[in-house]
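Working notes, structure below.
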Amino acid sequence: MKIKTTKTLCPICNAILDGSLTEEDGSIWLERSCPEHGFFRDIYWSDAALWHKFERYDSVGRGVENPNVGDPLGICPQNCGLCSNHKSGTLLANIDLTNRCNLDCDFCFANARACGFVYEPSFDQIVGMMKLLRSQKPVPAPAVQFSGGEPTMRDDLLELIRTAKEIGFPQVQLATNGIKMAQDIGLVEDSRLQDSPRSTSILTG
């Protein structure tokens with residue numbers, strides 16, 4: 001049963017397509033057809049009841065007053081970034097500090113090593129990202145999560161956490177496998193920056 005229409009992409013050529021959400025056998029499916037590559041059908045929500053519950057609370061926001069990318073033609077997602085078409089702000093920003101890792105897990109959700117080269121933005125680049133997030137209007141991003149790869153591979157991690165708090169993030173999160181922290185309790189204590197009134201959450205997995 002067709003329940004909603006949307007804009008979507010061809011998974012092969014990224015062409016913008018008209019798509020449909022359909023409900024079948026207790027799940028929600030996304031269906032679309034590309035003139036060049038044919039029909040695609042993928043699971044969208046595995047629990048249709050939960051999706052319907054979510055839809056009851058869904059609402060369109062105002063977006064941000066100062067998007068960093070303009071999109072006057074309204075051709076999403078041709079212009080990447082937080083553009084003028086977005087109807088919500090940033091609640092939790094994820095910043096990948098590096099794609100280096102001290103593990104090599106087959107099930108890595110980030111598939112960190114797949115690109116074949118080291119991705120590691122500079123300290124100044126990361127600070128620039130954080131300042132952009134905190135400058136969003138009308139509501140600055142309230143939380144940032146440092147991820148990767150493995151963020152504890154960076155020597156300047158503690159300084160990045162400290163700077164995030166100085167810039168004004170009420171919450172700083174660290175997504176880590178916990179190995180280096182298990183080996184060095186001082187790293188745990190330092191990352192929390194006990195003298196700071198702002199919180200640091202350490203998420204291990």
Legend entry - Inter-residue atom distance Q171.CD - L91.CG, 0.5 Å rounding: 9.5 Å

Inset, instruction - Flag the pair P151 / L160 as yes when at least one side-chain heavy-atom distance between them is below 4.5 Å, and no otherwise. - result: no

Inset, instruction - Enter the distance from E159:CD to I126:CD1 here, rounded to the nearest 0.5 Å. - result: 11.5 Å

Legend entry - Separation between OG of S46 and CG of D25, rounded to the nearest 0.5 Å: 13.0 Å

Legend entry - Same apolar cluster (I L V M F W Y, side chains within < 4.5 Å links), V60/F54: no

Legend entry - CG-OG distance between L97 and S147, expressed to the nearest 0.5 angstrom: 8.0 Å

Legend entry - Close side-chain approach of R32 to C10, heavy-atom, < 4.5 Å: no

Inset, instruction - Could you check L21 against L30 for side chain to side chain contact (heavy atoms under 4.5 Å, CB included), going step by step and ending with a plain yes or no? - result: CA-CA 5 Å; L21 295 183; L30 174 63; 3.8 Å; yes

Inset, instruction - Go through the steps to decide whether K180 and E150 satisfy the test salt bridge (Lys or Arg N to Asp or Glu O under 4.0 Å), and finish with yes or no. - result: CA-CA 10 Å; K180 292 186 76 170; E150 174 50 44; over 6 Å; no

Inset, instruction - State, with a plain yes or no, whether a side-chain heavy atom of K4 is found less than 4.5 Å away from one of E55. - result: yes

Inset, instruction - Evaluate whether atom CD1 of I43 has more than 12 neighbouring non-hydrogen atoms of other residues, nucleotides or ligands under 6.0 angstrom away. - result: yes

Inset, instruction - May I ask you to test the V144-L92 pair for a side-chain heavy-atom distance under 4.5 Å? - result: no

Inset, instruction - Using modelled atom types only, decide if a donor and an acceptor are shared between the side chain of N99 and the backbone of F117 within a distance under 3.5 Å. - result: yes

Inset, instruction - State, with a plain yes or no, whether a side-chain heavy atom of D96 is found less than 4.5 Å away from one of P121. - result: no

Inset, instruction - State whether the side chain of D18 and the backbone N or O of T5 hold a donor-acceptor pair below 3.5 Å, judged by distance alone. - result: no

Inset, instruction - Locate the shortest heavy-atom distance separating A164 from M130; write the atom from each residue and the value. - result: CB-SD, 3.6 Å

Legend entry - Between CD on residue Q125 and CD on residue E120, distance to nearest 0.5 Å: 10.5 Å

Inset, instruction - Identify whether F40 and I28 are in the same connected component of the hydrophobic contact network (ILVMFWY, side-chain heavy atoms under 4.5 Å). - result: no

Legend entry - Taking every non-hydrogen atom, the tightest pair across P35 and L17: CD-CD2, 4.1 Å

Inset, instruction - State, yes or no, whether a side-chain contact exists between T152 and Q183 at a heavy-atom distance under 4.5 Å. - result: no

Inset, instruction - Check whether more than 12 heavy atoms from other residues, nucleotides or ligands sit under 6.0 Å from atom CG of D106, and answer yes or no. - result: no

Legend entry - Greater than 12 external heavy atoms within 6.0 Å of R41's CZ: yes

Inset, instruction - Locate the shortest heavy-atom distance separating C13 from H37; write the atom from each residue and the value. - result: CB-CE1, 3.5 Å

Inset, instruction - For N66 and K137, work out which heavy atoms get closest and say how close. - result: OD1-N, 2.9 Å

Legend entry - Atom pair OG1 (T90) and CD (Q136), whose distance is rounded to the nearest 0.5 Å: 3.5 Å

Legend entry - ILVMFWY network linking V127 to L133, side-chain heavy atoms under 4.5 angstrom: yes

Inset, instruction - Indicate yes or no for a side-chain donor-acceptor contact from S33 to the backbone of F39 under 3.5 Å, with no hydrogens or angles considered. - result: no

Inset, instruction - Please answer: with hydrophobic residues joined when any side-chain heavy atoms are less than 4.5 Å apart, are I167 and L174 in the same cluster? - result: yes

Inset, instruction - Using the rule that two of Ile, Leu, Val, Met, Phe, Trp, Tyr join whenever any of their side-chain heavy atoms come within less than 4.5 Å, decide whether I95 and V172 are in one cluster. - result: yes

Inset, instruction - Check step by step if side chain to side chain contact (heavy atoms under 4.5 Å, CB included) holds for T163 and F123. - result: CA-CA 10 Å; T163 302; F123 181 89; 3.6 Å; yes

Inset, instruction - Take C105 and N177 through the side chain to side chain contact (heavy atoms under 4.5 Å, CB included) test and state the conclusion after the steps. - result: CA-CA 11 Å; C105 305; N177 59 34; over 6 Å; no

Legend entry - Any side-chain heavy-atom pair of I3 and M1 under 4.5 Å: yes

